[in-house]
Peer 1: 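Please find one structure pasted underneath; my questions will follow.
All heavy atoms count here, side chains included; hydrogens, waters and symmetry mates do not.
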Amino acid sequence: MNKLEHLLEGYLSDNLSEAELKELLALLDREETHLPELIQHLLEQQTVAGLGNVELRDRLFSQVMQRVKEQKATQAPVKRMHLLRWATAAAVVIIISGLIFFLRLPKQEGATVQQSTGTGNDVLPGTQGAILTLANGSSLVLDTLRHGMIAQEPGARVSLKDGQLAYHPESATAVGYNTITTPRGRQFSLMLPDGSMVWLNAASSLRYPTAFTGNERVVELTGEAYFEIAKDPSMPFQVTVKNMEVEVLGTHFNINAYDDEDAIRTTLLEGKVKVTPVVGSQLAAHSSKLLALGQQAQIINNKLSIINNVDIAAVMAWKNGLFRFDHADLHTVMRQLARWYDVEVVFEKGAPVQEVFQGEMQRTLKLSQVLKILENMQVHFRIEAGKRVIVTP
């Protein structure tokens, strides 16, 4: 057992002298790049008697962050880079248990870190689930149904397996329309009648035909979805949302079109798509843009712009079970949390809404765990009964 591992075990057991504690802090500062292997070893070997992974994670997090807070309180503003190294050391610890620490980008010199409390009314994370509205207007709550065929629709049989909805085409003279809706706190995936795959984020819906006929495939989206489109050059695929139409032949792309976001965003991961803004009720064909890999189309107030070199990992984080923020303000962070945890967010006067965040964490965390991470970086919350989160000064 090396010195750092020995000191970490003593740290967790509250068994270190003042001299050993100083030695541990110095080693963490110098050896932070080796922490992932060390913490992984501790977790795998469970060398700290009586500690499971969850408790180990929580104690590492709270104790290391306490040291970060104390370190910052005793340092002048010119020591900011030293503090960030400590924050990085804390980040490495959290990565091992599925979290990545948020490094807040301070707006003012000399900002201080304060710990707040008030997350006793916990909220569980979102899960797989959706509501399917059939052509006849009846609804099925998918997260309450067993696997197997769940409906016979015009032109297709509808089945459910492993949390995914699938359409199996049959010959028919009529076509109906279905709508799948994910409430806040739910997400779901489905295979369309042509074999295209769609993943819906929370608070979203997709309206689509039970069979694709004619010379085009058209679906209507609200909220956010990721698409992997089956190639069929003879039948182009179109996604319509408010103020935008996306046309594809066969490609992978993500559309974020929530009503409470400042823009409609289409991000291309593979292939090509053509994005056209809708002005009033008319397509502004003269403003169409063809996206290339890694580009994002943004429509703000009916004006289309193209962003290059988009952070694809941040765009796709929700589908991959993560929150990932790239220089996001607090309102952006809280909108995502509100949709996934199905909570109401209220900002009290004086709350630090202009702070900027970057980093990622698992969407499987309880809300109190998420807020605890933010609280350690000078954002304060309380969770009230009825799933209401108050952001306080």
Side-chain angles (χ1 to χ4, degrees), residues 130-133 135 137 139 177-190 192 196-209 212 216-229 236-249 251-269 271-291 295-307 310 314-319 328-329 331-340 342 344-345:
I131 299 170
L132 176 65
T133 303
S139 296
Y177 279 84
N178 285 183
T179 300
I180 184 170
T181 303
T182 50
R184 285 157 57 111
R186 296 289 186 270
Q187 66 181 36
F188 214 74
S189 64
L190 72 152
L192 294 172
S196 295
M197 291 297 305
V198 185
W199 287 260
L200 282 176
N201 202 352
S204 304
S205 70
L206 189 75
R207 183 176 184 268
Y208 50 92
F212 289 114
E216 62 182 5
R217 297 169 286 171
V218 180
V219 300
E220 301 172 24
L221 172 70
T222 66
E224 183 170 22
Y226 170 67
F227 295 82
E228 293 185 355
I229 303 304
F237 195 99
Q238 292 183 3
V239 182
T240 63
V241 299
K242 59 170 187 176
N243 301 330
M244 185 183 71
E245 178 181 279
V246 177
E247 181 178 348
V248 306
L249 291 176
T251 191
H252 300 178
F253 58 99
N254 190 85
I255 298 177
N256 183 310
Y258 287 112
D259 288 337
D260 58 358
E261 296 293 339
D262 61 354
I264 301 174
R265 297 175 174 86
T266 301
T267 308
L268 184 65
L269 283 77
K272 291 183 178 181
V273 299
K274 183 172 71 173
V275 178
T276 306
V278 176
V279 180
S281 60
Q282 301 295 321
L283 282 176
H286 63 283
S287 299
S288 295
K289 298 291 185 181
L290 195 64
L291 293 188
Q295 288 185 327
Q296 182 180 90
Q298 294 187 0
I299 295 180
I300 303 176
N301 297 326
N302 296 323
K303 294 182 179 180
L304 174 62
S305 60
I306 303 299
I307 309 300
V310 174
V315 172
M316 296 306 302
W318 71 268
K319 178 180 176 292
D329 62 31
H331 276 293
T332 299
V333 172
M334 297 311 295
R335 282 196 299 269
Q336 291 198 32
L337 297 184
R339 287 191 286 261
W340 185 235
D342 187 17
E344 176 190 3
V345 177

Peer 1: Quick one: OG on S205 to CD1 on I180, what's the gap to the nearest 0.5 Å?
Peer 2: 10.0 Å
Peer 1: Can you give me the closest heavy-atom contact between P183 and A130, atom names plus distance?
Peer 2: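 Looking at all heavy atoms of both residues, the shortest contact is CD-CA, 4.4 Å.
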Peer 1: With side chains defined as the heavy atoms from C-beta onward, is the minimum distance between W340 and W318 less than 4.5 Å?
Peer 2: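 W340 does not reach W318 side chain to side chain.
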Peer 1: Taking NZ in K303 as the centre, count heavy atoms belonging to other residues, nucleotides or ligands within less than 6.0 Å. Is the count above 12?
Peer 2: no
Peer 1: To the nearest 0.5 Å, tell me how far R186 CZ sits from D342 CG.
Peer 2: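 If we round to the nearest 0.5 Å, R186:CZ and D342:CG are 8.0 Å apart.
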Peer 1: Can you see which heavy atom on N254 is nearest to which on A225, and at what distance?
Peer 2: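 Looking at all heavy atoms of both residues, the shortest contact is OD1-O, 3.3 Å.
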Peer 1: Would you check if I255 and M244 make a side-chain contact, meaning some heavy-atom pair closer than 4.5 Å?
Peer 2: yes
Peer 1: Which residue pairs pass the salt bridge (charged side-chain N to carboxylate O under 4.0 Å, His left out) test with at least one member in residues 197-206, sequence neighbours excluded?
Peer 2: none
Peer 1: When you compare the side chain of R217 with that of Y208, does any pair of heavy atoms fall below 4.5 Å?
Peer 2: no
Peer 1: For a 4.5 angstrom cut-off between non-hydrogen side-chain atoms, does Y258 reach E224?
Peer 2: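 Contact flag for Y258/E224 side chains = yes.
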Peer 1: Nearest 0.5 Å, what's the CG-OG1 distance between L291 and T267?
Peer 2: 8.0 Å
Peer 1: For the residue pair S288 and T276, confirm or rule out a side-chain donor-acceptor distance under 3.5 Å.
Peer 2: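 Yes.
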Peer 1: To the nearest 0.5 angstrom, please state how far the CG atom of L206 sits from the OG1 atom of T179.
Peer 2: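 Interatomic distance, L206 CG to T179 OG1, rounded to 0.5 Å: 8.0 Å.
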Peer 1: Grab the two heavy atoms, one from R184 and one from A203, that are nearest each other, plus how far apart they are.
Peer 2: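 Smallest interatomic distance, heavy atoms only, reads CG-CB, 3.8 Å.
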Peer 1: For V278 and E245, work out which heavy atoms get closest and say how close.
Peer 2: CG2-N, 4.4 Å
Peer 1: Which one of T182, N201, D260 satisfies the side chain to side chain donor-acceptor pair (under 3.5 Å) criterion with R339?
Peer 2: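 Only one of T182, N201, D260 forms a side chain to side chain donor-acceptor pair (under 3.5 Å) with R339, namely D260.
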Peer 1: Residues in salt bridge (Lys or Arg N to Asp or Glu O under 4.0 Å) with E228, at least two apart?
Peer 2: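 Scan of E228 (salt bridge (Lys or Arg N to Asp or Glu O under 4.0 Å), adjacent residues dropped) gives none.
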Peer 1: Step by step, work out the side-chain contact (heavy atoms from CB on, under 4.5 Å) result for L132 and F188.
Peer 2: CA-CA 11 Å; L132 176 65; F188 214 74; over 6 Å; no
Peer 1: Determine whether L200 and L221 make a side-chain contact, defined as any pair of heavy atoms from C-beta on separated by less than 4.5 Å.
Peer 2: yes
Peer 1: So, for L304 and P277, which heavy atoms are closest and what is the spacing to 0.1 Å?
Peer 2: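 Minimum heavy-atom contact is CD2-CD, 4.0 Å.
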Peer 1: Could you tell me which non-hydrogen atom of G185 sits nearest to which non-hydrogen atom of A202, and how far apart they are?
Peer 2: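 That closest heavy-atom pairing would be N-CB, 3.9 Å.
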Peer 1: With respect to I306, which candidate in K289, Q296, Q298 satisfies the side-chain contact (heavy atoms from CB on, under 4.5 Å) definition?
Peer 2: K289
Peer 1: Which residues satisfy the ring-ring contact (aromatic ring centres under 6.0 Å, His included) test with F253, sequence neighbours excluded?
Peer 2: F227
Peer 1: Looking at side-chain heavy atoms only, is the closest gap between L268 and Q295 below 4.5 Å?
Peer 2: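 Counting from C-beta outward, L268 and Q295 never come under 4.5 Å.
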Peer 1: Counting only heavy atoms not in K319, do more than 12 fall under 6.0 Å of its NZ?
Peer 2: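 Counting neighbours around NZ of K319, more than 12 heavy atoms of other residues, nucleotides or ligands fall under 6.0 Å, so yes.
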